[in-house]
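All ligand and atom numbering here is 1-based and tracks the order in the structure.
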Amino acid sequence: MKLTARVGKVPPSITLAIAAKAKHLKEEGVDVCSFSAGEPDFDTPAHIKEAAKQALDEGKTKYGPAAGEPKLREAIASKLQSDNHLAYEPENIIVTNGGKHSLFGMMLALIEPQDEVIIPSPYWLSYPEMVKLAGGEPVIVPTKAEYDYKITPKQLKAAITPQTKLFVLNSPSNPTGAVYTPDEIKALAEVVVENDLLVVSDEIYEKILYDGAEHLSIGAINPEIFARTITSNGFAKSYSMTGWRVGYLAAPVELIKGMTIIQGHSTSNVCTFAQFGAIAALSGSQEPVEEMRLAFAQRRQVMLEAVSAIPGLSCPKPNGAFYLFVDISTTGMASLDFCNALLDSQQVATIPGVAFGADNCIRLSYATDMTSIEKGMKRLEKFVTSL
Ligand code: GLU
């Protein structure tokens with residue numbers, strides 16, 4: 001069967017593939033320490049599960065509006081107003097099948113062939129592939145570990161051409177954990193406005209911050225940048241709801257309408273009773289979010305100390321998300337070879353940096369239990385020192 005050129009241009013998602021391999025090995029009884037997918041190990045908070053169960057019992061099992069349950073769109077709009085100071089109304093919101101799907105639908109609705117999309121590297125691996133699937137051109141701008149892997153306004157300016165349509169901002173970042181300061185966000189916003197670009201702000205890790213780091217939504221700075229901002233978020237990371245597949249996107253109404261047409265012909269609504277769980281996530285206690293953040297903070301500390309004790313490995317101290325992006329260049333190995341050998345010899349699953357545009361690094365997720373972290377880091381040390 002001959003598949004389209006579109007599919008041929010895009011590799012499979014390595015994060016999903018390695019996470020699936022690690023899960024499979026575990027099921028087979030292999031003692032794997034998985035630092036692969038960014039998937040919190042906590043159960044979804046009980047009140048969220050109860051709300052979804054109640055919705056099932058009440059018969060919320062039918063089709064709903066393609067753009068999402070009206071009550072959920074309202075709850076998201078008020079969350080964005082109160083938490084993020086973004087003046088969105090329910091009509092500015094679309095509920096999607098996870099944060100990933102919100103970005104994919106947005107690219108399909110916005111990107112024409114030849115449109116360029118600026119993506120700072122290291123990047124979350126799906127951004128460039130989504131641009132390509134939509135027919136556009138990803139423009140990758142490499143950033144440096146010395147600058148905590150953040151794009152500077154000068155670099156952003158230099159990457160702009162007459163074809164540039166969109167800039168992808170992800171703070172806190174996957175895979176580096178970098179958090180842009182409010183001043184850095186403001187400086188990038190100026191470039192976006194001056195050059196009349198659009199910016200998509202992927203804020204999926206906004207609640208997972210450390211050491212007093214602050215999250216500023218770029219759209220909150222002033223009306224000029226707000227009009228050019230698309231905000232993406234979801235429930236997976238903050239509320240440990242990865243498998244629920246509920247995300248959302250907030251944007252000017254015309255984009256939401258365009259995405260709703262695409263959604264109407266592709267997925268229809270997101271699972272109806274799952275959306276009722278999401279309403280409870282926003283309206284209920286936010287304490288579980290903070291409890292999980294505190295646990296991540298402890299794990300980050302342990303993992304950072306373990307990395308710094310391994311000769312030859314290094315990484316900047318991240319202020320957000322739940323990843324360490326570790327430089328392995330002193331080993332002289334390509335990241336995929338390193339990760340494969342580490343998994344085969346020590347049963348530690350990690351993601352090769354090549355997937356994120358940085359072959360000199362590997363990504364470690366610490367969204368896993370402390371025992372696995374302690375055991376897995378000892379094995380990583382054994383592996384590196386044996387090279
Ligand atoms: N976003 C998470 C990660 O980077 C989950 C896997 C994926 O969607 O890529 O590990």
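In terms of protein heavy-atom proximity, atom 5 (C) of ligand 1 is nearest to Lys237 NZ, 3.7 Å. Protein heavy atom closest to atom 7 (C) of ligand 1, with residue, atom name and distance, is Thr15 OG1, 3.5 Å. Distance from atom 8 (O) of ligand 1 to its nearest protein heavy atom, with residue and atom name: Lys100 NZ, 3.0 Å.
Contact check on Lys79 versus Glu203 returns no salt bridge, with no Lys/Arg side-chain nitrogen under 4.0 Å from an Asp/Glu carboxylate oxygen. By the 4.0 Å N-to-carboxylate-O rule, Glu74 lies too far from Lys71 to be salt-bridged with it. Salt bridge Lys132/Glu129: present, at least one basic N to carboxylate O contact under 4.0 Å.
With a 4.0 Å heavy-atom cut-off, ligand 1 is reached by the side chain of Leu16 but not by its N, CA, C or O.
Taking distance alone, with nitrogen or oxygen atoms compared against 3.5 Å, Gly38 approaches ligand 1 more closely than that limit.
Close contacts of ligand 1 with Ala37, meaning ligand atoms under 4.0 Å from a residue heavy atom, involve 10 (O). Close contacts of ligand 1 with Asn174, meaning ligand atoms under 4.0 Å from a residue heavy atom, involve 1 (N), 3 (C), 4 (O). Below 4.0 Å from some heavy atom of Tyr323 lie the following atoms of ligand 1, by number and element: 2 (C), 3 (C), 4 (O), 10 (O). Close approach of ligand 1 to Arg363 is summarised as follows: ligand atoms under 4.0 Å from at least one heavy atom of the residue are 3 (C), 4 (O), 10 (O).
One finds the CZ atom of Phe42 at 9.5 Å from the CG atom of Asp369 (value rounded to the nearest 0.5 Å). The distance from atom CZ of Arg293 to atom CD of Gln298, rounded to the nearest 0.5 Å, is 11.0 Å.
Enclosure of atom CD in Gln301 by more than 12 non-hydrogen atoms of other residues, nucleotides or ligands within 6.0 angstrom is indicated.
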CA sep, side-chain torsions, deciding dist, call: Phe296, Tyr210, ring pair (Phe, Tyr, Trp, His ring centres under 6.0 Å): CA-CA 9 Å; Phe296 292 138; Tyr210 315 107; 7.7 Å; no
